[in-house]
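Step one of this worksheet: look at the structure below.
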Amino acid sequence: MKRLVVVGNGMAACRLLEELTRLAPDLYQITVVGDEPFAGYNRVMLSPLLGGGTDEKTITTHPHQWYRDRNIRLITGTPVVAIHRRRRQVETAAGHLLDYDRLLLATGAAPRQLPVEGVTLDGVVSFRDLYDVRRLLSLPAARVVVVGGGFLGLEAADALVKQGHDVTLVHSRGHLLNQQLDESAGHRLQQDLEARGLKFVMQARTQSIEDNGQGAVAAVHLADGQRLPADYVVQAVGIVPRAELAASAGLTVNQGVRVDDTLQTFDPAIYAIGECVEHRERTFGLVAPLYEQASVCASHLAELGHRRYLYADSATRLKISGIDLVSCGDFLGDRGKGTEQGETLQLNLPGSYRRVQIRDNRVVGMVLYGDVSDAPFFEKLWKEKTDIGALREALLLGEVFCKRPGDSDEHSEEVAA
Ligand SMILES: Cc1cc2nc3c(=O)[nH]c(=O)nc-3n(C[C@H](O)[C@H](O)[C@H](O)COP(=O)(O)OP(=O)(O)OC[C@H]3O[C@@H](n4cnc5c(N)ncnc54)[C@H](O)[C@@H]3O)c2cc1C
């Protein structure tokens, strides 16, 4: 039997293991090394966990028994610290030496640290793993400043409000989720979150974190001179691929571990998937593309390899209960500058906002806020590049109004699926 060693036991690795053990159950003796001390869990569900909407058992997707059932050796709580490529061996901090024929790197990403004085003070927390959530859940009622108005920051802030904390979110831009929403939707989102008790400071740059004299957080200072008193600071300002291990082994690393369309690195015995990789100059931060990478990579490891990984844009959704929004594609119509900019269709109703961006009679992006029941319809038009010429008048009203006489129900079910 060949030996496969997997470094990292996160979402991409677990998905790959599922596919590989299904495609080729007897091809490899598999060892997985994860530096977190847990079996496989769903990182996406850390937000509901922090908000009190689920528990650790429920978000454990791959308990220890799952690995045992597939004869996978799982080593947890220790990182791989070196890859000896010449002798095809990896070394863990705990002293294991593991031989491999194939090696898979799935080391994920680390939270980006705020580049400011005071970031190492006690009370500055990230929101990345179960440890962080346990820590945040153990806080006494406190003043918390969350830095970053992207998905992660918003989900953390909303969950912390639910936990009874006094939360202020600081964002550097003029509206929330500026990478996924236009200004109108961003402002609606802010108003809805303010109604839940969340406070915002917009267009604000964090300058430093003040020490309370005992090595812990006292306040956050902003570039415009404001001082926000705080007991804790949650930093949610992006992620950085964890590629140090690969770099130290001499693999090609730019922003992440460079892979080709088969997810192979510079060394043909070593593959990489997930947030640690860079594929065609792109890095990743959502599960949809890395599940596809896992599937393609599994087919190659199973020696059935004929598939190539190509990035496909997907829609994004916020996981804050009671706030529904979906965004996809070129929702501002400003990508590919210099070409035809296209046209914006907007519907602005109490409780529902829709923006659909059209170019050359095709939907190139959209934002739905409030009523998102038509999201699958717009997503399908967007993905399939459907000519919407005949639907234009009724498009914003949604699927029901776009049905033409003779359209079958079968079609609409397909759209809604
Ligand atoms: C709170 C939160 C909410 C999210 N919500 C969404 C969402 O709604 N939708 C969405 O699409 N995405 C979401 N994401 C992003 C999603 O979770 C990530 O894209 C996904 O987990 C990345 O998978 P990965 O396997 O590449 O990395 P990870 O899941 O981070 O797994 C990597 C693992 O490798 C381990 N590791 C690193 N180096 C070593 C080493 N040297 N030795 C051994 N082990 C090592 C790490 O500790 C980690 O356990 C969310 C993320 C967070 C934190």
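One is the number of the first residue; the rest follow in order along the sequence. Note that the structure is a prediction, hence the values are computed from the model and not measured.
Between Phe284 and His279, the ring planes are tilted. Angles from 30° to 60° get that label.
A cation-pi geometry, defined here as NZ or CZ lying under 6.0 Å from the six-membered ring centre and within 45° of its normal, holds between Arg15 and Tyr291. Cation-pi geometry between Arg282 and Tyr311 is met: the NZ or CZ atom falls under 6.0 Å from the ring centre, inside 45° of the normal.
Put simply, the side chain of Ser314 never gets that close to the backbone of Ala288: no donor and acceptor are under 3.5 Å apart. The backbone N or O of Leu114 lies less than 3.5 Å from a partner atom in the side chain of Gln235, making a donor-acceptor pair. Formation of a donor-acceptor pair under 3.5 Å by the Arg258 side chain with backbone atoms of Thr252 is not found in this model. Counting only distance, with no hydrogens or angles, the side chain of Gln163 and the backbone of Leu50 share a donor-acceptor pair below 3.5 Å. Not a single donor-acceptor pair under 3.5 Å links the side chain of Glu210 to the backbone N or O of Ala219. Remark: the backbone N or O of Gly186 is not paired with any side-chain donor or acceptor of His175 at under 3.5 angstrom. Between the Thr60 side chain and the Pro63 main chain, no donor and acceptor come within less than 3.5 Å of each other. Checking side-chain atoms of Ser352 against main-chain N and O of Leu349 turns up no donor-acceptor pair under 3.5 Å. A side-chain donor-acceptor contact under 3.5 Å links Gln264 to the backbone of Pro268. In terms of modelled atom types and a separation under 3.5 Å, the side chain of Tyr41 and the main chain of Leu130 share a donor-acceptor contact.
Minimum heavy-atom separation, Val6 to Gly8: CG1-O, 3.5 Å. Residue Arg85 comes nearest to Ala249 through the heavy atom pair NH1-O, 2.7 Å, listed as atom of the first residue, atom of the second, then distance. Heavy atoms only, all atoms of each residue included: Arg354 and Leu368 are closest at CG-CD2, 3.5 Å. When every heavy atom of Cys297 is checked against every heavy atom of Ile273, the shortest pair comes out as CB-CG2, 3.7 Å. Asp182 and Gln346 make their closest contact through OD2-NE2, 3.9 Å (heavy atoms, listed as atom of the first residue, atom of the second, distance). Considering all non-hydrogen atoms of both residues, Val5 and Asp99 come closest at CG2-O, 3.7 Å.
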His171/Phe200 under ring pair (Phe, Tyr, Trp, His ring centres under 6.0 Å): CA gap, chis, key distance, verdict: CA-CA 8 Å; His171 188 46; Phe200 292 93; 9.0 Å; no
Intermediate values then yes/no, side-chain contact (heavy atoms from CB on, under 4.5 Å), Leu189 and Leu318: CA-CA 11 Å; Leu189 175 61; Leu318 189 67; 4.0 Å; yes
Verdict with supporting geometry, Val363 and Thr386, side-chain contact (heavy atoms from CB on, under 4.5 Å): CA-CA 8 Å; Val363 173; Thr386 309; over 6 Å; no
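Atom NZ of residue Lys2 and atom CG of residue Asp101 lie 7.0 Å apart, to the nearest 0.5 angstrom. A distance of 14.0 Å separates CG of Asp374 from NZ of Lys380, quoted to the nearest 0.5 Å. Atom CD1 of Ile59 sits about 5.0 Å away from atom CG of Leu46, to the nearest 0.5 Å. The CG atom of Leu198 sits 7.5 Å away from the OG1 atom of Thr168 when rounded to the nearest 0.5 Å. Distance check: Ile209 CD1 to Leu228 CG gives 11.0 Å after rounding to the nearest 0.5 Å. In this structure, the separation between OG1 on Thr344 and CZ on Arg359 is 10.0 Å, given to the nearest 0.5 Å.
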Please set out all donor-acceptor pairs under 3.5 angstrom arising from side-chain atoms of residues 117-125, sequence neighbours excluded.
from, atom 1, to, atom 2, distance (Å)
Asp122, OD1, Arg135, NH2, 3.2

If you look only at distance, which donor and acceptor atoms sit under 3.5 Å apart when one is on a side chain in residues 70-81 and the other is two or more places apart or in another chain?
from, atom 1, to, atom 2, distance (Å)
Arg70, NH1, Trp66, O, 2.9
Thr78, OG1, Ala93, N, 3.4
Thr78, OG1, Ala94, N, 3.0

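Between Leu395 and Ile358, some side-chain heavy-atom pair lies under the 4.5 Å cut-off. Side-chain contact check for Tyr232 versus Leu139: some heavy-atom pair is nearer than 4.5 Å. For the pair Leu332 and Arg355, the minimum side-chain heavy-atom distance is below 4.5 Å. Contact annotation: the side chain of Arg112 never approaches that of Ile239 to less than 4.5 Å [non-hydrogen atoms, C-beta and beyond]. At least one side-chain heavy atom of Leu325 sits under 4.5 Å from a side-chain heavy atom of Leu177. Between Val201 and Leu169 the shortest side-chain heavy-atom distance does not fall below 4.5 Å. The shortest side-chain heavy-atom distance between Val257 and Pro241 does not fall under the 4.5 Å cut-off. Side-chain contact between Leu4 and Leu20: present, with at least one pair of heavy atoms (C-beta onward) separated by less than 4.5 Å.
Salt bridge Arg280/Asp260: absent, no basic N to carboxylate O contact under 4.0 Å. Using a 4.0 Å cut-off between a side-chain N of Lys or Arg and a carboxylate O of Asp or Glu, Asp313 and Lys383 do not qualify as a salt bridge. Arg308 has a carboxylate O that lies under 4.0 Å from a charged side-chain N of Asp261, or vice versa, which qualifies the two as a salt bridge. A salt bridge links Arg196 to Asp158: at least one charged side-chain nitrogen sits closer than 4.0 Å to a carboxylate oxygen. A salt bridge is absent between Arg317 and Asp324; no separation between the charged side-chain nitrogens and carboxylate oxygens falls under 4.0 Å.
Exactly one of Arg43, Arg128, Arg242 qualifies for a salt bridge (Lys or Arg N to Asp or Glu O under 4.0 Å) with Glu275. That residue is Arg128.
With sequence neighbours excluded, the residues satisfying side-chain contact (heavy atoms from CB on, under 4.5 Å) with Arg307 are Glu292, Ser295, Val296, Ser299. Residues satisfying the side chain to side chain donor-acceptor pair (under 3.5 Å) criterion with Lys199, sequence neighbours excluded, are Asp166. Listed by chain and residue number, Arg143 satisfy the side chain to side chain donor-acceptor pair (under 3.5 Å) test with Asp231 (two or more places apart in sequence, or in another chain). Annotation: side chain to side chain donor-acceptor pair (under 3.5 Å) contacts of Lys385 (sequence neighbours excluded): none.
Checked against a 6.0 Å centroid threshold, the rings of Tyr100 and Tyr28 do not count as neighbours.
Between the side chains of Gln180 and Ser327, no donor N or O sits under 3.5 Å from an acceptor N or O. Glu278 and Asn254 share a side-chain donor-acceptor pair at under 3.5 Å. Inspection of the Tyr369 and Asn348 side chains reveals no N or O donor paired with an N or O acceptor under 3.5 Å. Side-chain contact annotation: Asp371 with Ser373, donor-acceptor N/O pair under 3.5 Å present. Looking at Arg188 and Gln191, their side chains never bring a donor and an acceptor atom within 3.5 Å of each other. No side-chain donor from either of Glu91 and His96 sits under 3.5 Å from a side-chain acceptor of the other.
By the 6.0 Å contact criterion, CD on Gln65 is enclosed, its count of non-hydrogen atoms from other residues, nucleotides or ligands being greater than 12. Heavy atoms of other residues, nucleotides or ligands lying less than 6.0 angstrom from CD of Gln179 number 12 at most.
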